[in-house]
**Student:** 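For reference, the structure I am asking about is given below.
Treat the numbers as computed from the prediction; the structure is a model and nothing was measured. The sequence lines fix the lettering, A, B, ..., with proteins before strands; numbering per chain opens at 1.
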Number of protein chains: 2
Amino acid sequence: MEKFTDVFRALSDKTRLRILHLFTFSKKELCICEIMDSLKLAQYNISKHIRELKLTGLVKERKEGRFVFYSIVEPKNAFHRNILQTLKAIPKNNEDIERLTKRVALRKNGKIVVGCLTSMGQCR
Amino acid sequence: MEKFTDVFRALSDKTRLRILHLFTFSKKELCICEIMDSLKLAQYNISKHIRELKLTGLVKERKEGRFVFYSIVEPKNAFHRNILQTLKAIPKNNEDIERLTKRVALRKNGKIVVGCLTSMGQCR
DNA sequence: GTATAATATGCTTAAAAGGGCATATAAGCA
DNA sequence: TGCTTATATGCCCTTTTAAGCATATTATAC
């Protein structure tokens, strides 16, 4: 039961929902700098929230060089599937999506070539 | 968005999930004393948690004399429907269900005739 | 190796949440 | 009216949580 409440707790935060929305919209792996530029939040903030999402098993990571790519974990049971379905029913923040679209467009052949643009936090 | 995070927050508590499970299992209106006897928790505790569930729109109440009957609100949108679907995918606490079954069996023609049995809190 | 960029994390503080307990409110009944 | 029972709520205390800030870690490039 604890595990289930933990998932709900992870979803009970506005920033974490915004992060998850970026994933479900883009259907891509995203790195921290892309997320922080999309949400206009500090780097440490994104990192911490992503950590929560990772701990509850909603998000996974893949390291590639200096970057870490995060993405949604494919559901492995009914509960998990229902959670993702539920997320789809939540209206997304349009500004976030717009910024994400622009940000991802800066990739060259899928590779990140532009670092953090936002000067929030200390990532530049 | 706030509204959505509030629903998730409401579900991020073990006791509240146990309460909701009683409703989804019994498909009935339940009163506080039946819930406290089923979960073996103090009355003030149940009252407070039910209040949260009411505030987030997951549970509604109907007053009947000295008793207040609570029940699940019928979903009115996709998000709400998905939430209830998600709850179904969570394993229930068997002891709770067993106690609830016994407790509800004490009703006479659907009327509550036995008050709080649990001596927790101050309901008796 | 050194500098730099991406990400993680420890510390502090403020706000929220949950349990325990006492008490308030409200309705039925003697 | 006064008592009892069902439910609600205010207060205290402890724990958790999230943000801010500084700093640590890791990998790349020079």
**Student:** Rounded to whole angstroms, how far apart are CG on Leu11(B) and C1' on dA17(C)?
**Tutor:**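 Rounded to whole Å, this separation is 15 Å.
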**Student:** Measure NZ/Lys63(A) against C1'/dT26(D) and give the value in whole Å, please.
**Tutor:**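 Rounded to the whole Å, the gap is 8 Å.
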**Student:** Can you identify which nucleotide, out of dT7(D), dA19(D), dA8(C), has its nearest atom closest to the Thr15(A) side chain?
**Tutor:**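 Ranking dT7(D), dA19(D), dA8(C) by closest atom to the Thr15(A) side chain puts dA19(D) first.
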**Student:** Return the nearest nucleotide to the side chain of Arg51(A); candidates are dT9(C), dG18(C), dA17(C).
**Tutor:**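 Looking only at side-chain atoms, Arg51(A) lies closest to dT9(C).
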**Student:** State, with a plain yes or no, whether a side-chain heavy atom of Leu39(A) is found less than 4.5 Å away from one of Leu22(A).
**Tutor:**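 A side-chain contact under 4.5 Å exists here.
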**Student:** Could you state the CG-P distance from Leu55(B) to dA16(C), rounded to the nearest angstrom?
**Tutor:**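 Checked: the CG to P distance equals 15 Å.
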**Student:** Under 4.0 Å: is that the gap between some side-chain N or O of His49(B) and OP1 or OP2 of dG19(C)?
**Tutor:**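 His49(B) to dG19(C) OP1/OP2: side-chain N or O found under 4.0 Å.
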**Student:** Which one, dG20(C), dA6(D), dA6(C), comes nearest to the side chain of Arg66(A)?
**Tutor:**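 The answer is dA6(C).
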**Student:** Taking the nucleotide of DNA chain D with the nearest heavy atom to each, does Glu64(A) or Ser12(A) sit closer to the 5' end?
**Tutor:**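 Its nearest nucleotide being more 5', the pick is Ser12(A).
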**Student:** Just by distance, do the side chain of Lys27(B) and the backbone of Thr24(B) share a donor-acceptor pair under 3.5 Å?
**Tutor:**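 Yes, the answer is positive, given that a donor and an acceptor are paired below the 3.5 Å cut-off.
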**Student:** In terms of side-chain heavy atoms of Ser47(A), which of dA8(D), dT7(C), dG18(C) is nearest?
**Tutor:**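 Looking only at heavy atoms from C-beta outward on Ser47(A), the closest nucleotide is dT7(C).
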**Student:** Can you tell me the distance, in whole Å, between the CD1 atom of Ile50(B) and the P atom of dA8(D)?
**Tutor:**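 The answer, rounded to whole Å, is 8 Å.
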**Student:** Regarding dA6(D), can its base be found pairing with the side chain of Gln43(B) as donor and acceptor, where the two atoms are less than 3.5 Å apart?
**Tutor:**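 Side chain to base: no pair below 3.5 Å.
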**Student:** Expressed in angstrom and rounded to an integer, what is the separation of Leu30(B) atom CG from dA6(D) atom P?
**Tutor:**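 The answer, rounded to whole Å, is 16 Å.
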**Student:** Nearest to the side chain of Asp13(A), which nucleotide is it out of dA18(D), dT7(D), dG18(C)?
**Tutor:**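 Looking only at heavy atoms from C-beta outward on Asp13(A), the closest nucleotide is dA18(D).
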**Student:** With rounding to the nearest 0.5 Å, note down the distance linking CG in Leu41(A) to CG in Asp96(A).
**Tutor:**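 It comes to 8.0 Å.
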**Student:** Going by atom types only, do Glu34(A) and Ser38(A) share a side-chain donor-acceptor pair under 3.5 Å?
**Tutor:**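 Side-chain D/A pair, Glu34(A) to Ser38(A): absent.
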**Student:** For Val68(A) and for Lys48(A), locate the closest nucleotide of DNA chain C by heavy-atom distance; then report the residue assigned to the nucleotide nearer the 5' terminus.
**Tutor:**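 Going by which nucleotide is closer to the 5' end, it is Val68(A).
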**Student:** Does Asn45(A) make a side-chain N or O approach to OP1 or OP2 of dG20(D) shorter than 4.0 Å?
**Tutor:**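 True: Asn45(A) side-chain N/O within range (under 4.0 Å) of dG20(D) OP1/OP2.
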**Student:** Using whole Å, report how far CZ of Arg62(B) lies from P of dA26(C).
**Tutor:**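 Taking CZ of Arg62(B) and P of dA26(C), I get 20 Å after rounding.
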**Student:** Hey, is the main chain of His49(B) close enough, under 3.5 Å, to the side chain of Glu52(B) for a donor-acceptor pair?
**Tutor:**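 No, because the side chain of Glu52(B) does not come within donor-acceptor range (under 3.5 Å) of the backbone of His49(B).
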**Student:** Measure from the side chain of Tyr44(A), starting at C-beta and using heavy atoms only, and say which of dA6(D), dA22(D), dA8(D) lies closest.
**Tutor:**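 For Tyr44(A), the side-chain atoms sit closest to dA22(D).
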**Student:** Take the protein atom CZ of Phe8(A) and the nucleotide atom P of dT16(D), then report the distance between them rounded to whole Å.
**Tutor:**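 Computing the Phe8(A):CZ to dT16(D):P distance gives 21 Å.
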**Student:** With a 4.0 Å limit, can you tell me whether Arg9(B) has a side-chain N or O closer than that to the phosphate oxygens OP1/OP2 of dT17(D)?
**Tutor:**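 No.
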**Student:** Using side-chain heavy atoms (C-beta onward) and a distance below 4.5 Å, is Phe8(A) in contact with Val7(B)?
**Tutor:**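 No, their side chains stay 4.5 Å or more apart.
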**Student:** Could you check which of dA18(D), dA8(C), dT17(D) has an atom nearest any side-chain atom of Lys54(A)?
**Tutor:**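 It is dA8(C).
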**Student:** To the nearest angstrom, how far is Asp6(B) atom CG from dA16(C) atom P?
**Tutor:**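 Interatomic distance, CG of Asp6(B) to P of dA16(C): 12 Å.
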